[in-house]
Each structure stands twice: as structure tokens, then as C-alpha cells.
Amino acid sequence: MDMTSKTNTPDEIRIPWDVPEGGVRNRLCDVRNFGIMAHIDAGKTTVTERILFYSGRIHRTGEVHEGAATMDYMKEEQERGITITSAATNTLWKGVRLNIIDTPGHVDFTAEVERSLRVLDGAVAVFDAQAGVEPQSETVWRQANRYNVPRLCFLNKMDKAGADFDAAVQSIRDRLGARAFPIQYPVGQAQDFRGIIDVLENVAYMYDEESQGRRWHEEAVPEALREKVDDLRRELVEAAAEQDDELLERYLGGEELHRDDLLVAIRKGVLNGSFVPVLCGSALRNKGVQRLIDAVCYFLPCPLDIKEIHGTEMDETTPVVRHPDPTEPLSALAFKTVADKNGDLYFVRVYSGTLEQGSQIWNATRGKRERVGRLMIMHAAERELIDKLEAGQIGAVVGFKDTYTGDTLCTKESPILLEPMTFPETVISMSIQPKSRGDRDKLGEALQRLQREDPTFRAYTDDETGDTIISGMGELHLDVLVSRLLNEYKLDCVTGKPKVAYRQTLKKDIEVEGRHVKQSGGRGQFGVARVKFTLHDQTENTFESTVVGGSVPREYWSSVETGLDNSYEEGYPLGFPFVKLHANLYDGKYHDVDSSEMAFREAGRLALREATERAGVNILEPWMRIAITAPEVNLGDVIGSLNQRRGEIEKTERGSGDAMRIYGFVPLAEMFKYSEVLRGLSQGRGVYTLEPFEYRVVPQSIAEAIRKEVEEERKKRGK
């Protein structure tokens, strides 16, 4: 048994596939852009903290539960002990540059995960080894699937009571459909967790408890675990060999495969999504994080592995391809905005070309020229000024005026439009007003800045009441934003009762005529639009024109569409925005002298109003996907409480220990303050998550109550 003490030293990591044959090593081989994603409380911020500590980026660790974690730098994060906004940092590990984004785990802030995964090359999915796959784990996994992000798994909290490595791995396979293969195995679990076995190397690493994970020694695999580890190694080698035909042939021929061959094959599987390595440890107890960083360097992609980025020309149809090469024309994506008193920060990922300080660039999405003021790379709230960002790098810009989340940045001479980012509709709203009347203008400015930061937050003025309304993804989302108004903008505000963000749609398909004809001396106004409205399943409204013969000239088509869009937002007759409509402008009339863009905008608006009068409207309410974890003894009471709230149970399954998990769907209107109800039903042990699912027609009795409430509010305002 080798009892030699070893320490983590910053030597060069040996990566066999990054050495080109007879060529010069591309420095992008030594870059990893990756995110840390997980369910809330799985320990992802603690994992990030330990990565920074062991790589020498920070010299002491701050704990999340003490409000001292480096990446949770906002006051709201420190007070609540949760990650609210994705934070970027960077560090060096054995010659490899790590650009890391720590993402939130709460579903109310899922947009932060969405926009991070859009620009990252890889991800580390962190799981609580006791709980396995939890509801938000599934959500972020689906988001990663949508962007084809290669990932590896880290089973954290192996020292936690009830930790079960095998059960957690099986939940990853069963619940996420992942081809997950352990490349490590724990020596002991829960309070007996002492070390980690490297399945590939067939050796155990036992940690010195007093060294903060800096020292360990090697041992032979414990006899009690030898058979288990041998089985895992056979499974691992076979799965790795399947990634390469030549390697598989050698394996089937009985050849012992070399470590480097297996690493190359595993990496190939990770990049194409057919192999997900599983590691383990305890970040809080300083065990296993260094080997996790090694695995990031070995298996997650570098920018060169992405090979190319696809976009279109300004016509949005002609394809354009760019490569991760700093000499190619610039293509970059602005994926996050942070309001700052010293100038808003715009986080960007550069896919090709070079972004230089002081340069003039083109915002292809807005058709606006922008100037790059200052460039920097981020370490949480700290900033390091740089001269340029090259292909494959992530950084931040100060100086933009007309750029928003999801905008494409390029040069005007070589334009490109990258795939835009999409975000879910808001589902909850409330009124807000400052306690001091003199702060009304200040509140408007602050809300405007918060909207630039957060694409899932809306603020607007109700035309009928004059009230300022804020909308978001949940009660916690809005609560945090109100708290930020106080802490960052010194605005003490009063909020109204949270309300569901209802929508409406037509009851049936219908063809109508919007007719705007006025003559009052001089030039008149003439525009007639014949529109067919069709219900469809997409939440977004769509538009097309099939006009032939010039009955409505092409230059007025967009005016009709604008009029419809304005009318959708206006929401006659109930004030709720319209959704799920497809409008086809198929005919109309115009006048050579009296027709104008304004006339056809009004014709479009009147077409929808005519449709509502003739077809009627259905009120739609947001339904949420719900996942509840509660003790088995309380299962019946919890299911009963969901049934009382018009909920639909999809399935129940056993969790860890005596816990059961309940999955289903429920209308948001029935879920306000449900956390208090669930605590009462489960002796304080129940937890749940909600995420937007779809809009459904409100039952007739509830629709009548909503209509009555709208009428009463209007009467009050009339008085």
C-alpha cells in the first residue's frame, strides 16, 4: 500500500488530444467555458468557491450559509443564502484557463440559467448525493439538452446522512435519460465518507482531514469494494470503447486499452452527448474538487471543439458560418446586462474575430452602431481591464447604448445574425408605488434599468388606473426585485397583492374586416384590412399576408401587423393581452390618396376588436408544472390539497429515505402562499417547486368571477 502523502501542485495537466501532430498548439485548446448548474441547495456555489480556492484565485473560502461566498456578492444573495443572478469568474488550473459561470438553482431565476447555457461550451451538473435528481435538476438538464451542452456530473455531499452514490447515479439514468458512467466511486458514504476511488486508474485517494483537502495519500482499492469497482471499470471501458470503432475492435480482440486511449474515447462521447462521466465528493468538506477540475479539463470542450457557429445574413434566411478564429470577421452575442452606476455592463461571448477596446461595432439585431468603451473580464463583482476579447472568450463591455440581452454584435461590413434567445412569459404581477411621491420618476428609471438586466421582468403603466405594474416569474422573483429597489436604488416601495397574469384569446376561428374610413375635409383616412384569425397552440401571436392583386399594397402589410400587435397588448375587452392567435391578412382595400400607414394600423386594430365582438373571448390562466417532496405519511394530505386547488397529478415516486415525490400540474391562481399550507401538512418537511407549463382556458364559473372583478375595478375608477 502506497502511503506517500501528495499535494495539489500546479503542474501542467497532461491532455493527450490537445497536442497537434507536427503543428503549433492553439491556445484555445487551454480554455474551458463552462457553467455550474443544479437544483437549489445542491452545493454548486460551494463547488465554485472550492475551485477558486484550490486554483489559487482566492486564498480563503467563504461559505454560502454565512453569506460570504465569493460568487454570491449581491446583498439579496448573502441575506437569503441562495444564488439569484449568474456570476462569472475566471481562474487558471494547471495551465488551463477556466471561465466559469455559477448559475441560480431556483426556478424563478431560470432565465439566468437559460442565457448562460446559450453561450457556454460545457457544464458541470451538481447533485445532492442524498436526494439524487431533484425537480430543478430536471429543468436545467432540459435546458442543457436544448443547447446540446456537453456535461459531466458531480455527486456532492457524499458526507451527508443518507447519501447513496448508486441510487443517485441510477436516478440520473432513469430521470434524465443520461448515459451516465461513474469514473469515481466513494470510499464510505455519509459519516463514513473518507476518500475517492479512481475507477480508471484502479486506485483510492484518501484525504487528510486537517489539510483542507490539500493532502491525500494513495491506497489500493479496499477489498470490500474491489468487486464493485472491477464491475464499474468493465462497464466504463466497454462504454468508452463504443465511442470509437478502432478502439472497440481492439477491445473485442482482448487488448488492454491504454489510459490515454480511454480518455480520448470518453471525451469523444462527452462531446457528442453519448457519455456522461459521474464524479463524487464533498465540496464543503474539501474532498474531490481537484479531481473534478481535472475532469473539466479532460472532458469538457474547448472553443475549438465547437468548430463553428451558424447564423444568417440580415435577411434571416441566407446561412452564414463563422469559426473560432480571431482573424475571422467578428461575431459575438450579448447574453447578460448588469445595471451599474458607473456604466452598465454587457456580458458577451465572442465566437469569431476580435472585440477591441475603443472600436466601433455593429449591433445587427437593432441596426445600431455601438462603441466599445472598456473591456474587462470578471471575477464576481471584481473587474480586470483588458485590451481585447478574442474568439472563444467571455468578457464584459462598458459603453453600449442600444444593446439588449440576446443581441448579435458584428461588423457592418460582415454582418451576421445569431439565433436569438427566448424567455418564458411572465406569470405573476403586482402594483408598486414609492412611499415618497417625489420618488415616482426615480422609480421609473430604476424599473427601466432592471428590465434591461432581466428579460423575464416587465414594468408598465396600467392605462386605465395609472398604476405602475411589475410582472415576473414568481413571488420570490418579484420579492427580490423589490428588495433590490430598496438596497441598490434607495427606493422604499409599497406593493399591492400579487395577481395572476391572465391572457385571453378568441373562442373560435373567424374572418373579419377592419375598416378605418374617415373624411373630415382635406385629405382623408382610408384603410380596409380583411383578416382571418386562427387559433393555434403557440403562445406567441403570428402574422402572415396572402394578399394578391395589390388590394393592400405591400408597404402597408407591416402597418396592419403593427396595429394588430398594439391591439393584442391593449387587450380589449378585459385588458388581458391576447395570445395563441395567427392572423392572415388576405384581402382589403386602399385609396391612392387617402391611404396611409396610420390608416392601416388602425384597420388592423379594429379587425381584432371586430373579431372579439363576433367570436367572443376565452380567459386563459397560467398552469404550472409542480414537483413536491414530502414524507410518505403525509402523501394523502398533500395530494388532497392539490386536488382542492384544481391540480392534476401526473405521477408519484419514491425519493430518498421516507420521502415521496409528487409531480403534476396546477393553476398558478391557486398556489399563492402554498408554502405555508405545505409546511402545515408535512410538519415543516415538505418543499415544492413551480415552473411555467402552459396557458389553459379558465373554467366558466371562475371566468365569470374574473369578469365581475374587472367590471368592479372599472366602476371604482369611474367614481
Side-chain angles (χ1 to χ4, degrees), residues 27-28 31 33 86 88 90 97 99 101 115-121 303-304 306-378 383-423 448-449 451-455:
R27 65 174 178 269
L28 286 180
V31 174
N33 298 314
S86 54
N90 69 93
R97 169 67 63 183
N99 295 317
I101 295 183
R115 57 185 173 187
S116 298
L117 289 173
R118 172 69 172 80
V119 299
L120 292 171
D121 301 330
L304 294 176
I306 306 305
K307 294 185 174 60
E308 56 193 30
I309 184 74
H310 295 266
T312 67
E313 292 185 0
M314 301 307 291
D315 60 10
E316 300 186 23
T317 56
T318 307
V320 179
V321 175
R322 299 277 167 82
H323 302 87
D325 184 340
T327 65
E328 282 205 9
L330 174 69
S331 64
L333 188 76
F335 67 93
K336 179 179 171 68
T337 305
V338 176
D340 189 273
K341 60 184 178 182
N342 297 316
D344 291 352
L345 279 175
Y346 299 85
F347 286 74
V348 296
R349 162 69 190 262
V350 180
Y351 289 100
S352 67
T354 302
L355 192 64
E356 297 184 346
Q357 181 176 322
S359 62
Q360 295 279 343
I361 62 171
W362 183 249
N363 183 323
T365 308
R366 309 284 165 186
K368 297 287 184 74
R369 192 175 295 279
E370 292 277 29
R371 181 181 179 277
V372 180
R374 285 172 288 157
L375 280 172
M376 57 199 71
I377 54 176
M378 304 297 296
R383 310 172 183 184
E384 178 185 334
L385 292 174
I386 55 174
D387 295 327
K388 61 183 178 180
L389 281 173
E390 294 185 340
Q393 292 185 310
I394 293 175
V397 180
V398 175
F400 292 161
K401 303 296 184 185
D402 296 296
T403 294
Y404 294 81
T405 296
D407 287 359
T408 299
L409 306 173
C410 57
T411 61
K412 193 171 184 179
E413 296 72 28
S414 300
I416 183 175
L417 274 173
L418 301 177
E419 180 185 352
M421 301 169 73
T422 58
F423 300 98
Q448 204 169 29
R449 294 174 74 88
Q451 285 185 95
R452 286 177 70 88
E453 282 194 27
D454 187 348

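Ala334 approaches Thr403 most closely through the heavy-atom pair CB-CG2, 3.8 Å. Looking at every heavy atom in both residues, Pro329 comes nearest to Ser414 through CB-CB, 3.6 Å. When all heavy atoms of Ile377 and Ile394 are compared, the closest pair comes out as CG2-O, 4.0 Å. Minimum heavy-atom separation, Thr312 to Val320: C-CG2, 3.6 Å. Between Tyr404 and Arg366, the shortest heavy-atom distance links the atoms CB-NH2, 3.3 Å. Of all heavy-atom pairs spanning Asp344 and Arg452, the tightest one is OD2-NE, 3.8 Å.
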Could you go through Met376 and Glu384, starting from their C-alpha distance and side-chain angles, then the distance that decides it, and tell me whether this counts as side chain to side chain contact (heavy atoms under 4.5 Å, CB included)?
CA-CA 5 Å; Met376 57 199 71; Glu384 178 185 334; 5.7 Å; no
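Residues Lys388 and Pro326 fail the side-chain proximity criterion, which asks for heavy atoms closer than 4.5 Å. With contacts defined as side-chain heavy-atom distances shorter than 4.5 Å, the pair Phe423/Thr405 qualifies. Between Thr408 and Ser331 the shortest side-chain heavy-atom distance does not fall below 4.5 Å. Using a 4.5 Å cut-off on side-chain heavy atoms (C-beta onward), Thr365 and Pro420 make no contact. The shortest side-chain heavy-atom distance between Leu385 and Leu375 does not fall under the 4.5 Å cut-off.
Distance alone, capped at 3.5 Å, is enough to place a donor-acceptor pair between the Asn90 side chain and the Met378 backbone. Checked by atom type and distance alone, the side chain of Glu328 pairs as donor or acceptor with a backbone atom of His323 at under 3.5 Å. Checking side-chain atoms of Glu370 against main-chain N and O of Asp402 turns up a donor-acceptor pair under 3.5 Å.
For the atom pair Arg383 CZ and Leu345 CG, the distance stands at 4.0 Å (nearest 0.5 Å). The structure places CG of Leu355 at 12.0 Å from CG of Asp387, a figure rounded to the nearest 0.5 Å. Interatomic distance, CZ of Arg118 versus OG1 of Thr422, reported as 9.5 Å (0.5 Å rounding). Rounding to the nearest 0.5 Å gives a distance of 11.5 Å between CD of Glu390 and CG of Leu330. To the nearest 0.5 Å, the span separating CD on Gln451 from OG1 on Thr337 amounts to 12.5 Å. Atom-to-atom distance recorded for Arg97:CZ and Gln393:CD is 8.5 Å, nearest 0.5 angstrom.
Remark: Arg349 is positioned above the aromatic ring of Tyr351, its terminal NZ or CZ atom under 6.0 angstrom from the ring centre and at most 45 degrees off the axis.
Considering Leu409, Leu389, Leu333, Val119 as possible partners of Val350, the one that fulfils the side-chain contact (heavy atoms from CB on, under 4.5 Å) test is Leu389.
In this structure, Gln448 places its CD atom where only 12 or fewer heavy-atom neighbours from other residues, nucleotides or ligands lie under 6.0 Å away.
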